[in-house]
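Structure record follows, encoded as structure tokens.
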Protein chains: 4
Amino acid sequence: MAGAAARVVQDQIQDNEIQSEHEDAFLFEANQKSSGRPRSEKSRSAILDSTNKMLLHMSVRDVSIEAVAKKAGVGKTTIYRWWPNKVALILDAISGPMGVLPAPALGSDAKDSLVKQLERFTRICRGRGGKILAEIYAEAQGNPELQALFFEKFMLQHEEILASIIDGGKKDGSFRSDLDTVFAVDMIYGAIFYHLMSSPEPLDQNFANVVMMESLRILK
Amino acid sequence: MAGAAARVVQDQIQDNEIQSEHEDAFLFEANQKSSGRPRSEKSRSAILDSTNKMLLHMSVRDVSIEAVAKKAGVGKTTIYRWWPNKVALILDAISGPMGVLPAPALGSDAKDSLVKQLERFTRICRGRGGKILAEIYAEAQGNPELQALFFEKFMLQHEEILASIIDGGKKDGSFRSDLDTVFAVDMIYGAIFYHLMSSPEPLDQNFANVVMMESLRILK
Amino acid sequence: MAGAAARVVQDQIQDNEIQSEHEDAFLFEANQKSSGRPRSEKSRSAILDSTNKMLLHMSVRDVSIEAVAKKAGVGKTTIYRWWPNKVALILDAISGPMGVLPAPALGSDAKDSLVKQLERFTRICRGRGGKILAEIYAEAQGNPELQALFFEKFMLQHEEILASIIDGGKKDGSFRSDLDTVFAVDMIYGAIFYHLMSSPEPLDQNFANVVMMESLRILK
Amino acid sequence: MAGAAARVVQDQIQDNEIQSEHEDAFLFEANQKSSGRPRSEKSRSAILDSTNKMLLHMSVRDVSIEAVAKKAGVGKTTIYRWWPNKVALILDAISGPMGVLPAPALGSDAKDSLVKQLERFTRICRGRGGKILAEIYAEAQGNPELQALFFEKFMLQHEEILASIIDGGKKDGSFRSDLDTVFAVDMIYGAIFYHLMSSPEPLDQNFANVVMMESLRILK
DNA sequence: CTTTAACCGAGACGGTACGTCGTGTCTTAAC
DNA sequence: GTTAAGACACGACGTACCGTCTCGGTTAAAG
């Protein structure tokens, strides 16, 4: 993946800095053996819930750490202790609602798998979800660490799935083999983000259909 | 253009509001017989120059109206009088440096025209330019007016050129005719922006080559 | 006190609003067991000191919250957190230097007490002090809340003392009893303020003597 | 007059600076023999009228030159050409409405004359008029030129009248002769201004009566 | 009957300060 | 050691007026 390639170094730094400094939601359960007062699960989920609720009503821009803290009935310190910044917090917050759809089982039919994955991705992007994604993506601009965080936490899985589907299809003859897989992935997700970021309207079913149809077409 | 379609209403409002309220750089020369002290060309260009210089050294995020005013030796009011917000200012500021490359004469050869336009676009996006573009694009997220402004001032021309090249090619048999032109445009520019926004690295020649090669491939 | 009478309602509102919303200098020490980071005594005194120093060199008009903040090495927010406006800040700031003279013990001799109080008051008004007082008083014009604040924080004590001295003198025969005490107070302090506000010159010893002599004369 | 004494030097400077630099309303008619376009009476009265109207609805503080210009349909320059600042403008503006009451003919009876003059002065100060006066007086604080201007344009006449009445009364035995005339004037007008500046309420008839009664009493 | 000079409206200009917001850090006491 | 509370220094926001300036256009007396 063209975008991913340039981020490899960044990612590793990220791994050692942010992930280990702050035990994020994913690692929360495994957190053990420390002395002192244990982390409050109540606060953690209040923070995440409040963040999600605010995202439904306002842009990522307008969600402030300050407001989240107040709404969650939590000290600002508690947020900063566990998340290094707003982007990280929001990524964690939406990873619940956004992650509900499991990755599709990759069947033997490449075309079918492609449609399933694009269906899954566009479903995530439908409604407020897609706007939030685009807004976080935007929020990360101008800050390499945040770019990497967004990619790693959200896009990495989708890029990997799509790439392996395309590669699979190329091998079994379902797809033309002269296309650059990495660029094809950039084109498909790129088209979706470009669309998302260019209009205030949410992504609709019609566009989702176009994405699937045309993606199949360019892959042959 | 998929993105453009959703913005049509927005654009028209934009046309009547921002463009006529504020005589921007483009209209500056056409400034007519109004009474009162005429706008200071010196201030105008000092503001635009300062903005451009600052963009070379820092992210769009970090460019503040206040700092531009100070650097340009100008009152903040003077900036707010002519530009409604930071995005509008920066779009005007870069439209000079970014607009230097003239639209390519559309020859009879669709493939050649496509390459020329993509060469032109990727040249603009090379170096700091592409990052600035992505950062402005990002800055506009969550604000429909700014999205529309960015599109109208910058992307509209490029979308139109590319679409007409593709349509031409479809007609004369250079390109396959089963592809949706609008979505093809979204894919190509989308891939570039997705790449630009995913990595802190500037767009390089190698990627530019991939864009041109693969775009040709999917169109035929 | 004629002036005071009209302000009674105002004052009570004041008592419940400003004094309890903002624990001012006077109440600072009594500050109790609240949670959260305690107020910084260092910042508080830096603000007050800076304000006082600036008042020595410039008019109340020219003292800006912004400049005080900068000089005190303090955020503007910190000032606005504790003082609702410039007048309140300056009143607190000068209440230190201005309040140094203790109220005179009210002896049995009314004439002597009167002289002592007027000596105390005119001493406060000598030099820059009187000008500052007049300037604050002026600054409060057109804003009932500020008028009340000035009265309550500064004039109230002086009016009460003078009134009780005059009343005492009327009872024991030192002073004529046909004069309206309230108006007499207005006349004496009024003459001083009128003098102070009518000329750029500070109040001098000569005028102070006239005040004492003539006040005694009109009272008997 | 104690206040006046300290201002003598100031006044003379004033006479040569402001009065000759700017031909004010009073001198307007006498303005002759210059070539060029004559001053527009229409603009002049529009400015004065607008100022007066604004003073009825808002404090002197809140009346801005900018707003007066807009309301009067006049360029800011035109105001600044004829009045050096807001205080000068407002003094001119109110000198019409405020000056309507002619100075009382000084009869042979000092007590009667005193009452007449105080009646005249308190009538001027009744309602919004007194507040405006106090506010202008306040506005002039911290600026010697403006203090002098206020005194000269407004208080001078009243001080002179009152002083000559008191002096007359002292000579013919109507008033005690041991009082300092100048300080007595300061006391009487001072009490009125002190009252005016201490409360948001306008001066009422009751206070006006107290002023007259008690003034007579202290003069014997 | 044309200069010429002062006026006029409009409105842009460089500034200063306003009062508010959000950032990320810090400092307590309570648990 | 973590928590809620909340104060802190900082920096930028967008607004309001200030007093000055520069236009294109009157308007009348002087030449």
Side-chain angles (χ1 to χ4, degrees), chain A residues 34-40 42-44 46 61-67 69-70 72-82 84-86, chain B residues 33-40 42-44 46 61-70 72-82 84-86, chain C residues 33-44 62-70 72-82 84-86, chain D residues 32-40 42-44 62-70 72-82 84-86:
Chain A
S34 73
S35 86
R37 178 174 175 175
R39 176 173 181 186
S40 158
K42 203 177 126 199
S43 292
R44 184 188 142 275
R61 233 6 225 294
D62 296 335
V63 172
S64 68
I65 297 269
E66 207 136 85
K70 178 166 261 179
V74 140
K76 263 202 292 182
T77 332
T78 306
I79 298 181
Y80 279 109
R81 198 187 324 273
W82 301 108
N85 49 59
K86 195 166 77 176
Chain B
K33 78 255 192 118
S34 74
S35 87
R37 179 174 177 173
R39 178 173 180 183
S40 159
K42 201 177 130 199
S43 292
R44 185 190 141 272
R61 258 288 156 66
D62 296 335
V63 172
S64 68
I65 298 267
E66 204 135 272
V68 170
K70 178 166 266 178
V74 139
K76 258 200 291 183
T77 334
T78 303
I79 298 182
Y80 282 110
R81 198 180 343 261
W82 300 108
N85 50 62
K86 197 168 72 176
Chain C
K33 80 272 203 95
S34 74
S35 86
R37 179 175 178 174
R39 177 173 181 183
S40 159
E41 166 57 22
K42 201 178 129 199
S43 293
R44 185 189 140 273
D62 296 334
V63 172
S64 69
I65 298 267
E66 205 135 89
V68 170
K70 178 165 266 177
V74 139
K76 259 199 290 183
T77 332
T78 303
I79 298 183
Y80 282 110
R81 196 180 344 262
W82 300 107
N85 50 62
K86 197 167 72 176
Chain D
Q32 79 283 48
K33 76 187 160 201
S34 75
S35 87
R37 178 175 179 172
R39 176 172 181 185
S40 157
K42 201 178 130 199
S43 292
R44 184 189 142 273
D62 296 335
V63 172
S64 68
I65 297 269
E66 207 135 87
V68 169
K70 179 166 259 178
V74 139
K76 264 203 289 181
T77 329
T78 305
I79 298 182
Y80 281 109
R81 197 183 334 265
W82 301 108
N85 50 59
K86 196 166 74 175

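Naming: A, B, ... by sequence-line order, numbering from 1 per chain. From a predicted model like this one, the values you see are computed outputs, not experimental measurements.
Distance, D:Asn85 CG to F:dC18 P: 11 Å, rounded to whole Å. Separating the CD1 atom of C:Ile79 from the C1' atom of E:dC18 is a distance of 13 Å, rounded to the nearest angstrom. Taking atom NZ of residue B:Lys86 and atom P of nucleotide F:dA12, one finds them 10 Å apart after rounding to whole Å. What separates OH of B:Tyr80 from P of E:dC18 is a distance of 18 Å, to the nearest Å.
Partners of D:Thr78 according to the side chain to side chain donor-acceptor pair (under 3.5 Å) rule, which considers only residues two or more places apart in sequence or in another chain, do not exist here. In this structure A:Ala46 satisfies the side-chain contact (heavy atoms from CB on, under 4.5 Å) test together with A:Ala72, sequence neighbours excluded. Not a single side-chain contact (heavy atoms from CB on, under 4.5 Å) links B:Arg37 to another residue, sequence neighbours left out. Applying the side-chain contact (heavy atoms from CB on, under 4.5 Å) rule to D:Thr77 yields the partners D:Arg81; only residues at least two apart in sequence or on another chain are considered.
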Margin query: Applying side chain to side chain contact (heavy atoms under 4.5 Å, CB included) to D:Ile65 and D:Tyr80, what does each step give before you reach the verdict?
Written below: CA-CA 9 Å; D:Ile65 297 269; D:Tyr80 281 109; 3.8 Å; yes

Next item on the list: Would you give a per-nucleotide map of nucleotides 12-17 of chain E, 5' to 3', where B means the base has a protein non-hydrogen atom under 4.0 Å away, S means only the sugar-phosphate does, and - means neither?
Entry: BBSB-B

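Taking the ring axis of C:Trp82 as reference, the NZ or CZ atom of C:Arg44 does not stay both within 45° of it and closer than 6.0 Å to the ring centre.
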